[in-house]
Amino acid sequence: MAETVLVIGSGAREHALAWKLAQSAHIKHVLVAPGNAGTASNGKISNSDVPTNDHNQLISFCKSNDISLVVVGPEAPLAAGLVDDLTAAGLRCFGPKAKAAQLEASKSFSKDFMIRHGIPTAKYKSFTNPKEACDFINSADFPALVVKASGLAAGKGVIVASNKEEACKAVNEIMQDKAFGEAGDTVVVEELLEGEEVSCLCFTDGYTVAPMPPAQDHKRLMDGDQGPNTGGMGAYCPAPQISKDLRDQIRDTVLQRTVDGIREEGALYIGVLYAGLMLTKDGPKVLEFNCRFGDPECQVILPLLQSDLYEVIQATIAGGLAGSMPVWLEDHAAVTVVMASGGYPGSYNKGLEITGLSKAKELGLEVFHAGTTLKDGKVVTSGGRVLTVTSVGKDLLSALEEANKGVSAIDFPGAVYRKDIGFRAIAYLKQHRCV
């Protein structure tokens with residue numbers, strides 16, 4: 001039976017989810033709400049203007065349109081209990097309920113949870129008083145230089161300071177100046193860890209974890225990891241720095257322990273669990289949890305999934321993941337490069353025409369839209385991160401070269417992008433071959 005699926009969200013992650021779901025023979029139509037120019041009218045994929053914040057209206061829409069599955073892309077609807085409400089109304093929904101989604105929605109809850117369950121993480125303390133937070137920064141016996149807004153801040157609520165004075169300034173910006181609104185009512189002050197940062201995600205039905213190939217995001221705006229922090233300027237997958245033994249260790253000590261721990265606390269975790277990790281000299285330590293696919297990690301992980309995503313999701317929801325573990329493309333690498341608006345992550349212009357999209361497609365690349373919209377039949381910019389260009393190759397270097405060709409073919413005024421996505425992995429591989 002051909003199914004209709006609804007994807008909630010408007011970014012490149014949601015475009016990638018819709019693209020992968022549309023490849024399933026089980027699916028006749030993928031609706032994306034609200035979607036973007038890339039999902040507007042693209043084969044099996046189209047947009048819907050159903051208001052996703054109004055849960056009752058969304059439930060009525062799903063029932064009247066025979067929606068067989070709802071896939072939630074971003075974190076805010078998960079924290080708002082969308083999965084709870086849809087499930088209670090008898091709809092099939094992919095993503096954790098609000099209690100489990102606290103792992104992302106509250107950094108304070110998440111840190112306390114990790115300590116309770118013996119999950120390796122940085123030393124920390126939570127505060128609701130800015131003076132107490134600053135006193136702690138100045139007196140801690142470790143470099144307490146990472147300041148995090150505890151609530152959801154669209155991936156931007158973390159400030160990594162270079163000294164104690166900067167860290168105290170960050171506390172005041174978050175708590176007194178309300179840089180991230182109510183998300184900063186509580187701050188977590190954390191030890192600065194040293195090492196490489198990687199993203200390890202898995203599908204989970206609340207019991208079994210099915211790890212995805214590890215990826216690495218690039219948060220800084222410019223080449224060589226220079227410039228301000230962003231929501232992510234590109235990613236690659238798999239990350240060669242993570243050996244099979246290390247992957248198994250992360251699966252057992254982080255992913256499985258988290259799923260088991262949240263179940264013991266009364267919440268069955270169903271969906272995607274994302275662990276942002278630092279590979280320290282003392283082993284991998286959790287920097288943060290996300291309760292959904294990362295963006296841009298989703299755009300390099302899903303192209304390497306050989307299994308039918310719809311079947312994987314159905315097995316996950318049904319509690320049958322152990323019997324149908326996802327299969328991944330071996331001996332290949334994926335790279336995605338983000339093209340952002342000039343001025344991002346600060347203020348930027350919108351409504352600029354984007355050209356060259358068909359050229360990138362002719363090169364055999366996937367272009368996943370984020371901040372785009374249609375205006376007078378033309379694709380124009382409408383956000384900070386505008387689109388991501390993804391290439392799959394036999395190795396990382398060839399995938400990066402192809403992705404960069406795609407980026408060169410696409411143009412809009414003031415476009416900002418990096419040319420060195422995966423530079424750490426390439427350096428690691430060169431060094432590895434020399435050993």
Side-chain angles (χ1 to χ4, degrees), residues 102-200 216-217 219-220 225-231 246 249-250 253-254 257-258 261-262 265 274-291 345 424:
Q102 284 182 94
L103 285 169
E104 177 171 10
S106 168
K107 291 186 174 65
S108 180
F109 170 86
S110 178
K111 294 294 287 190
D112 292 347
F113 172 88
M114 285 186 255
I115 299 303
R116 285 198 298 278
H117 294 281
I119 296 162
T121 189
K123 296 173 193 166
Y124 77 102
K125 199 166 179 187
S126 300
F127 298 93
T128 53
N129 179 301
K131 185 183 181 306
E132 288 173 11
C134 288
D135 288 346
F136 177 74
I137 287 164
N138 288 313
S139 63
D141 59 0
F142 57 86
L145 298 176
V146 181
V147 182
K148 298 179 174 181
S150 180
L152 293 178
K156 300 182 182 76
V158 178
I159 297 171
V160 180
S162 51
N163 54 51
K164 291 178 180 183
E165 188 184 349
E166 239 180 67
C168 286
K169 185 172 166 235
V171 165
N172 290 324
E173 279 174 10
I174 293 171
M175 299 193 84
Q176 292 180 315
D177 301 344
K178 297 288 181 193
F180 306 111
E182 288 178 6
D185 288 352
T186 298
V187 297
V188 174
V189 177
E190 204 170 272
E191 169 191 16
L192 179 65
L193 296 176
E194 289 185 3
E196 276 212 50
E197 209 173 316
V198 291
S199 307
C200 290
Q216 188 173 62
D217 182 13
K219 289 288 187 195
R220 298 281 185 173
D225 281 346
Q226 299 299 308
N229 258 333
T230 69
L246 191 52
Q249 183 189 340
I250 290 164
T253 63
V254 176
R257 212 173 273 182
T258 302
I262 204 86
E265 296 192 10
Y274 167 138
L277 300 163
M278 186 71 85
L279 303 179
T280 76
K281 62 182 191 328
D282 302 318
K285 294 190 179 184
V286 177
L287 296 171
E288 63 173 359
F289 285 121
N290 292 331
C291 292
R424 283 196 205 84

Inset, instruction - State the OG1-CD1 distance between Thr121 and Ile115, to the nearest 0.5 angstrom. - result: 6.5 Å
Inset, instruction - With rounding to the nearest 0.5 Å, note down the distance linking CD1 in Ile262 to SG in Cys291. - result: 8.0 Å
Legend entry - Ser199 versus Tyr274, closest heavy-atom pair with distance: OG-OH, 3.1 Å
Inset, instruction - Would you give the length of the straight line joining atom CG of Asp217 to atom NZ of Lys219, rounded to the nearest 0.5 angstrom? - result: 4.5 Å
Inset, instruction - Find out whether Thr128 and Asp185 are in side-chain contact, i.e. whether some heavy atom of one side chain is under 4.5 Å from a heavy atom of the other. - result: no
Legend entry - Under 3.5 Å: donor-acceptor pair, side chain of Glu288, backbone of Lys107: no
Legend entry - By side-chain hydrogen bond (donor to acceptor under 3.5 Å, both in side chains) - contacts of Glu265 (at least two apart): Arg116, His117
Below 3.5 Å, can you tabulate the donor-acceptor pairs from side chains in residues 276-284 to any protein atom, sequence neighbours excluded?
residue : atom : partner : partner atom : Å
Thr280  : OG1  : Asp282  : N            : 3.0
Thr280  : OG1  : Gly283  : N            : 3.3
Thr280  : OG1  : Gly283  : O            : 2.6

Inset, instruction - Can you see which heavy atom on Phe113 is nearest to which on Leu103, and at what distance? - result: CD2-CD2, 3.6 Å
Legend entry - Under the side-chain hydrogen bond (donor to acceptor under 3.5 Å, both in side chains) test, residues paired with Glu190 that sit two or more places apart: Lys111, Lys148
Legend entry - ring pair (Phe, Tyr, Trp, His ring centres under 6.0 Å) against Phe127, all qualifying residues, sequence neighbours excluded: Phe136
Inset, instruction - Measure the NZ-CD1 distance between Lys164 and Ile137 for me, rounded to the nearest 0.5 Å. - result: 9.5 Å
Inset, instruction - For residues Phe289 and Ile119, report the shortest heavy-atom separation together with the two atoms involved. - result: CZ-CG2, 4.4 Å
Legend entry - With Lys169 via side-chain hydrogen bond (donor to acceptor under 3.5 Å, both in side chains) - residues at least two apart: none
Inset, instruction - Look up atom CD in Glu165 and atom CG in Asn138, then write down how far apart they are to the nearest 0.5 Å. - result: 9.5 Å
Inset, instruction - Ignoring hydrogens and angles, tell me if any N or O in the side chain of Ser106 forms a donor-acceptor pair with the backbone of Gln102 under 3.5 Å. - result: no
Legend entry - Contact summary for Thr258 and Val254, nearest pair of heavy atoms: OG1-O, 2.5 Å
Legend entry - Arg220 (side chain) donor-acceptor with Thr230 (main chain) under 3.5 angstrom: no
Inset, instruction - With side-chain contact (heavy atoms from CB on, under 4.5 Å) as the test, would you mind laying out the steps for Leu287 and Leu193 before giving the verdict? - result: CA-CA 9 Å; Leu287 296 171; Leu193 296 176; 4.0 Å; yes
Inset, instruction - Carefully, step by step, assess Val146 and Val189 under the rule side-chain contact (heavy atoms from CB on, under 4.5 Å). - result: CA-CA 6 Å; Val146 181; Val189 177; over 6 Å; no
Legend entry - side-chain hydrogen bond (donor to acceptor under 3.5 Å, both in side chains) involving Asp225 - partner list, sequence neighbours excluded: Arg418, Arg424
Legend entry - Which atom of Ser108 lies closest to which atom of Thr186, heavy atoms considered: CB-CG2, 4.3 Å
Inset, instruction - Mark yes when over 12 heavy atoms from residues, nucleotides or ligands other than Lys131 sit less than 6.0 Å from its NZ; otherwise mark no. - result: no
Inset, instruction - Please answer whether the main-chain N or O of Lys123 pairs with a side-chain N or O of Glu191 as donor and acceptor at a distance below 3.5 Å. - result: yes
Legend entry - Reported OH-to-OG distance for the pair Tyr124 and Ser110, which is rounded to 0.5 angstrom: 9.0 Å
